[in-house]
Protein chains: 2
Amino acid sequence: MSLSHLSHLDCPRCGRQYDADVINNLCECGSPLLARYDLASITTRPGDIAARPHTMWRYHEVLPVRERVISLGEGMTPLLPLQRLGLELGVPGLLMKDDGLIPTGSFKARGAAVGVSRAAELGVSAFAMPSNGNAASAWAAYGARAGLRSVVAMPVDAPSITRTETVISGAQLYLVRGHIGDAGRMIADLIARSGGALFDASTLKEPYRIEGKKTMGYEIIEQLGWRCPDVIVYPTGGGVGLIGIYKALQEMQELGWISGPLPRLVAVQSSGCAPIVQAFEAGKRTAEQWPDPRTVAFGLTVPKPLGDFLILDALYATKGTAVAVDDTDTVATQARCAQLEGAFVCPEGAATLAAVRKLRESGWLAENHRVVVLNTGAGMKYPFEVSAPAFDPADTLPG
Amino acid sequence: MSLSHLSHLDCPRCGRQYDADVINNLCECGSPLLARYDLASITTRPGDIAARPHTMWRYHEVLPVRERVISLGEGMTPLLPLQRLGLELGVPGLLMKDDGLIPTGSFKARGAAVGVSRAAELGVSAFAMPSNGNAASAWAAYGARAGLRSVVAMPVDAPSITRTETVISGAQLYLVRGHIGDAGRMIADLIARSGGALFDASTLKEPYRIEGKKTMGYEIIEQLGWRCPDVIVYPTGGGVGLIGIYKALQEMQELGWISGPLPRLVAVQSSGCAPIVQAFEAGKRTAEQWPDPRTVAFGLTVPKPLGDFLILDALYATKGTAVAVDDTDTVATQARCAQLEGAFVCPEGAATLAAVRKLRESGWLAENHRVVVLNTGAGMKYPFEVSAPAFDPADTLPG
């Protein structure tokens, strides 16, 4: 018996349909493909889910893996109240979905768990992809667990811990003196030369990582007692998580698991790389390539996301918005969150908190809004030098 | 209504009893104190626990916090099958409790969550402690969330990521050019000079972190369907987790939640610092100070644990054993686990896997044994340099 109610893939741009049980990448028209399910055949109710194993696979009907799940125990990360920081930001009911507590320490694990599981059951034995670091470490880990060979290219500036993680899992790692766009072109060339030996696992070029990412949406809703928050604030690089959360919300509506208005979705970027914010403010449906992208929130360094039109659709459809924050605010908010809440979030997560402050100050957010921010990874993956006085054992410590 | 059935503290060495609702450190006789509960008054059955929130606080009756839990969502970490590595080690049913997936990325979070919560509700407003790194980052994080001031001394050689974590949470960090014993003496002196302003939160000098650590035992048993494994393998520095797991097993026996023989407990140390193994092999009840402790598994660098007699008692009582592994085996097994299982474990966790190999080779473990090893932290907290070739964007990647 299949775990999944997957029916087919379709193109959100041109509408073409594809068989889901063979290997697919992009639509002929160049758009990412989305997985579709026979939702009408699903009789599961929210109450049935409570007793299931505490991982993201509790939503298996709406995940594409039919038989064999490759799991490291991912999902059902905490939805933490940030009461003290929320008070300071002007939104006392602030909640944070903490995807630092997941295998490989980043939300990329969700996409990798589904993407690798599905690739393996469709017969893939080797894959290649570009990455800003965290996707590489996640895909390398799940790839190792599935027994797949993996090849990754990442910018030399990507967080160094992700190199260790990628290599220790046995992946072939190439460093690129450039940004993720450069790495992407080089990997595409490598795949083209491989004669079908390497599956293209690049973001949105394979259709299933988004299905893993969407579980953040299912979990937030379940953890709130199957009720929607007013706003979900998401740090947007490639934007797969935002697209996934919006897809999850639509599916839950169709399943009758939620009712009423959907949460307003907010895309947060850095002022050093804000193609989605620029497009949103101009009311456009696609983004322009951002020149010379730079930010401390390295995962946001995506100059033109392949899914730009899907991200912007989700913002417009939910009456959401897009906000750029400065790196100085991101860094200061990261420290403030640790000091007040004990949560050491990654810079991308800190950017969402800085955005909450901006949105509250502008009046877009109200004090009584129920706001959920996404922390997409553990702050410890981005260590920095701190100063601390050193002493000899014979010394006396000051007070 | 109190969450807890805590009744009093007692001394496992001399039997003296203490009021649990005032601040306590060691017994007058110098022994650590243990928390005791009115177990007979607990009517909860294992079946009642399934529906509770998915954190370690689901066992609140046997945890000492009466009113206010300081939580970052800790506990109920995955119990992962390591099928491929287990096959290679000769124990195909091998399972790993993965405490890398916990706030601050180490099992120290369990002790800190309970220790800080209890200290805060007993009126402590500032604490001090020595640490090999991970305890500092955990106590600093929970201390920040509780609004407590914290002071920590750690060896300069402690993992550098833990410095970042400790400082960003707002703790006062002192580095010591020595080992944890030196840091401990300096902190003890500082506390003595503080005139009661600083609570001594040193390992086993405060009675409650062990209560947090013991939840690993409750969780393993619950995750196995309230059945005991044959063997639990634990990396032993200060040994608080092993003492805690043994205490949990005894409590569950008394509560009638488990029956039959207890799992055999195994203490794993490094051949560069193995005071417990030395004592166990000599049949002694306490350990000797280990001269010049050195190992890559930094958390095992404890030359003479304060709870040595409790650790050794647990090993003798459960017909367990103690094993020392070489650093070279630990490092090789860490990589092997990542390559076969996708799990990047900390060196201390890797040492338990290396110990499984030794115990299987010696015949102490049988092929059909159900063995649970503890991975006490995320491997990413101990990054190391890896080599990867670098390319310019105009280059062609090799196959």
Side-chain angles (χ1 to χ4, degrees), chain A residues 50-51 54 72-73 76-78 80 98 101-105 141-145 153 156 160-161 163-165 167-170 173-178 182 185-187 189-190 194 334-335 338-344 378-381 383-384 386 388-393 395-397 399, chain B residues 50-51 54 72-73 76-78 80 98 101-103 105 141-145 153 156 160-161 163-165 167-170 173-178 182 185-187 189-190 193-194 334-335 338-344 378-381 383-384 386 388-393 395-397 399:
Chain A
H54 219 72
L72 289 162
M76 290 306 276
T77 55
L80 279 185
D98 191 2
L101 297 190
I102 206 163
T104 75
Y142 287 90
R145 194 160 173 89
V156 288
S160 70
I161 286 177
R163 287 190 204 177
T164 313
E165 293 178 274
V167 170
I168 199 173
S169 297
L173 171 63
Y174 298 122
L175 300 175
V176 174
R177 299 184 197 93
D182 300 313
R185 275 186 294 97
M186 296 165 82
I187 284 287
D189 171 67
L190 184 67
S194 78
Q334 185 188 36
Q339 288 157 16
L340 290 177
E341 301 291 351
F344 184 16
M380 70 176 80
K381 293 196 82 170
F384 43 84
V386 292
F391 298 87
D392 288 318
D395 293 339
T396 299
L397 297 178
Chain B
H54 220 71
L72 289 161
M76 290 307 276
T77 55
L80 279 185
D98 190 1
L101 297 190
I102 207 164
Y142 287 90
R145 195 159 172 88
V156 288
S160 70
I161 287 176
R163 287 190 203 176
T164 313
E165 293 177 275
V167 170
I168 199 173
S169 297
L173 171 64
Y174 297 121
L175 300 175
V176 174
R177 299 184 198 94
D182 300 313
R185 276 186 293 97
M186 295 165 82
I187 284 286
D189 171 68
L190 185 66
R193 284 185 286 117
S194 78
Q334 185 188 36
Q339 288 157 17
L340 290 177
E341 300 292 350
F344 185 15
M380 70 175 81
K381 294 197 82 170
F384 43 83
V386 292
F391 298 87
D392 287 318
D395 293 339
T396 299
L397 297 178

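As the structure is a computational prediction, the values presented were derived from the model and not from experiment. Residue numbering restarts at 1 for every chain, and letters A, B, ... go by the order of the sequence lines.
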When only pairs under 4.5 Å are counted, which of [options] shares the most heavy-atom pairs with chain B?
{"options": "G170(A), G379(A), S169(A), A343(A)", "answer": "S169(A)"}
{"options": "L173(A), T77(A), T104(A)", "answer": "L173(A)"}
{"options": "A338(A), G73(A), P78(A)", "answer": "A338(A)"}
{"options": "S194(A), A51(A), A141(A), P389(A)", "answer": "P389(A)"}
{"options": "R145(A), M186(A), M76(A)", "answer": "R145(A)"}
{"options": "L340(A), D392(A), I102(A)", "answer": "D392(A)"}

Bottom line for A335(A): the part with an atom under 4.5 Å from chain B's heavy atoms is both

Applying a strict 4.5 Å limit to non-hydrogen atoms, the region of V167(A) in contact with chain B is side chain

CE of M380(A) to CE of M380(B), rounded to nearest 0.5 Å, is 6.5 Å

In terms of heavy-atom contacts, V156(A) and A390(B) come closest through CG1-CB, 4.5 Å

Smallest heavy-atom separation, A144(A) atom then Q339(B) atom, equals CB-O, 3.4 Å

For [X], is it the side chain, the backbone, both or neither that has a heavy atom under 4.5 Å from a heavy atom of chain A?
{"X": "A378(B)", "answer": "neither"}
{"X": "D395(B)", "answer": "both"}
{"X": "F344(B)", "answer": "side chain"}

Can you tell if the side chain of [X] reaches within under 4.5 Å of the side chain of [Y], non-hydrogen atoms only?
{"X": "L101(A)", "Y": "L101(B)", "value": "no"}
{"X": "D189(A)", "Y": "T396(B)", "value": "yes"}
{"X": "V386(A)", "Y": "I168(B)", "value": "no"}

Worksheet entry | Side chain T164(B), main chain P383(A), donor-acceptor under 3.5 Å | no

Fit a plane to each ring of Y174(B) and F391(A), take the angle between them on a 0 to 90° scale, and name the class: parallel (under 30°), tilted (30 to 60°) or perpendicular (over 60°).
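Perpendicular, since the angle between the ring planes exceeds 60°.
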
Residues at least two apart in sequence or cross-chain that pass side-chain hydrogen bond (donor to acceptor under 3.5 Å, both in side chains) with Q334(B), listed by chain then number, are none

